Amino acid sequence: QLQLVESGGGLVRIGGSLRLSCAASGFTLDYYAIGWFRQAPGKEREGISCISSSGANTKYPDSVKGRFTISRDNTKNTVYLQMNSLKPEDTAIYYCAAVKGYYCSGPDYDYWGQGTQVTVSS
């Protein structure tokens with residue numbers, strides 16, 4: 001079965017950190033760019049990072065730039081999202097998605113994970 005599985009979400013205090021993982025099973029991530037997305041209640045899904053298939057290129061929107069870092073370990077078939085200095089507005093369900101190719105270039109992805117909840121509270 002081809003799937004992505006996120007883990008590492010949870011409840012964290014304002015200013016705290018979490019590291020999310022996105023593990024692939026049934027296929028290798030070597031040839032896939034990976035994006036992380038989030039969706040808060042009542043809001044549209046937001047793309048928050050992308051990493052190229054080689055890991056050489058990454059991008060972030062201003063909302064998370066400087067606080068979040070995406071990385072990958074192709075030997076473990078896993079992509080990570082390190083989230084620091086968390087704020088209440090970071091509360092959302094976080095999803096990873098894989099698209100075959102070098103980089104995230106559009107809205108269409110081949111595989112999506114089921115999501116992991118991140119809650120930032122005082």
Side-chain angles (χ1 to χ4, degrees):
Q1 187 175 4
L2 309 180
Q3 61 179 356
L4 295 172
V5 178
E6 301 96 338
S7 61
L11 175 64
V12 63
R13 292 194 181 274
I14 295 171
S17 299
L18 283 175
R19 188 177 81 155
L20 305 183
S21 298
C22 171
S25 63
F27 68 107
T28 177
L29 290 180
D30 290 22
Y31 306 109
Y32 289 80
I34 305 297
W36 280 98
F37 300 81
R38 67 185 181 187
Q39 188 164 22
K43 294 189 176 181
E44 293 189 354
R45 187 175 64 198
E46 175 188 15
I48 57 170
S49 66
C50 172
I51 188 165
S52 61
S53 56
S54 69
N57 299 97
T58 59
K59 61 181 177 181
Y60 309 88
D62 289 343
S63 58
V64 305
K65 193 176 293 182
R67 299 188 298 123
F68 290 10
T69 303
I70 190 171
S71 62
R72 66 191 298 156
D73 185 346
N74 284 353
T75 65
K76 295 182 179 180
N77 221 23
T78 301
V79 174
Y80 305 97
L81 184 68
Q82 178 67 42
M83 306 188 296
N84 298 329
S85 302
L86 284 163
K87 306 174 181 180
E89 51 263 44
D90 294 319
T91 295
I93 299 175
Y94 283 69
Y95 302 87
C96 63
V99 58
K100 198 163 189 179
Y102 182 73
Y103 211 26
C104 310
S105 58
D108 297 323
Y109 284 75
D110 299 306
Y111 303 103
W112 287 85
Q114 82 292 346
T116 185
Q117 176 71 47
V118 171
T119 303
V120 184
S121 173
S122 57

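Only a predicted model underlies this, so the values are computations on that prediction, with no experimental measurement involved.
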Given the rule that I, L, V, M, F, W and Y join up when any side-chain heavy atoms are under 4.5 Å apart, are [X] and [Y] in one cluster?
X	Y	result
Ile93	Phe37	yes
Leu18	Val5	no
Tyr109	Leu20	no
Ile14	Leu86	yes
Phe68	Ile70	yes

Do you know the tightest heavy-atom contact between [X] and [Y]?
X	Y	answer
Ser85	Arg67	O-NH1, 3.0 Å
Cys104	Ala33	N-CB, 3.7 Å
Ser49	Pro61	N-CD, 4.4 Å
Ala98	Leu29	CB-CD2, 4.4 Å
Ser71	Val79	O-CG1, 3.2 Å
Gln39	Arg45	NE2-N, 3.8 Å

Can you tell me if [X] uses its side chain to pair, donor with acceptor, with the backbone of [Y] under 3.5 Å?
X	Y	value
Asn57	Ser52	no
Glu46	Arg38	no
Asn77	Ala24	yes
Arg72	Gly55	no

Subject >> side chain to side chain donor-acceptor pair (under 3.5 Å), paired with Ser54, selected from Tyr102, Tyr31, Tyr103 >> reply: Tyr102
Rounded to the nearest 0.5 Å, what separation is found between the [atom1] atom of [X] and the [atom2] atom of [Y]?
X	Y	atom1	atom2	answer
Leu4	Gln114	CG	CD	9.0 Å
Leu2	Asp110	CG	CG	10.5 Å
Ile34	Cys96	CD1	SG	6.5 Å
Lys100	Ser53	NZ	OG	11.0 Å
Tyr111	Phe27	OH	CZ	5.5 Å
Gln117	Thr91	CD	OG1	7.5 Å

**OP:** State, yes or no, whether a side-chain contact exists between Tyr80 and Ser21 at a heavy-atom distance under 4.5 Å.
**Re:** yes
Subject >> Steps toward side chain to side chain contact (heavy atoms under 4.5 Å, CB included) verdict (Thr69, Tyr60) >> reply: CA-CA 9 Å; Thr69 303; Tyr60 309 88; 3.9 Å; yes
**OP:** Quick one: do Ser25 and Gln1 satisfy side chain to side chain contact (heavy atoms under 4.5 Å, CB included)? Show the steps, please.
**Re:** CA-CA 7 Å; Ser25 63; Gln1 187 175 4; 5.9 Å; no
Original post:
Do the ring planes of Tyr95 and Trp112 sit parallel (below 30°), tilted (30 to 60°) or perpendicular (above 60°)?
Top reply: perpendicular
**OP:** Please assess Asp90 against Met83 for the test side chain to side chain contact (heavy atoms under 4.5 Å, CB included), listing each intermediate value before the final yes or no.
**Re:** CA-CA 9 Å; Asp90 294 319; Met83 306 188 296; over 6 Å; no
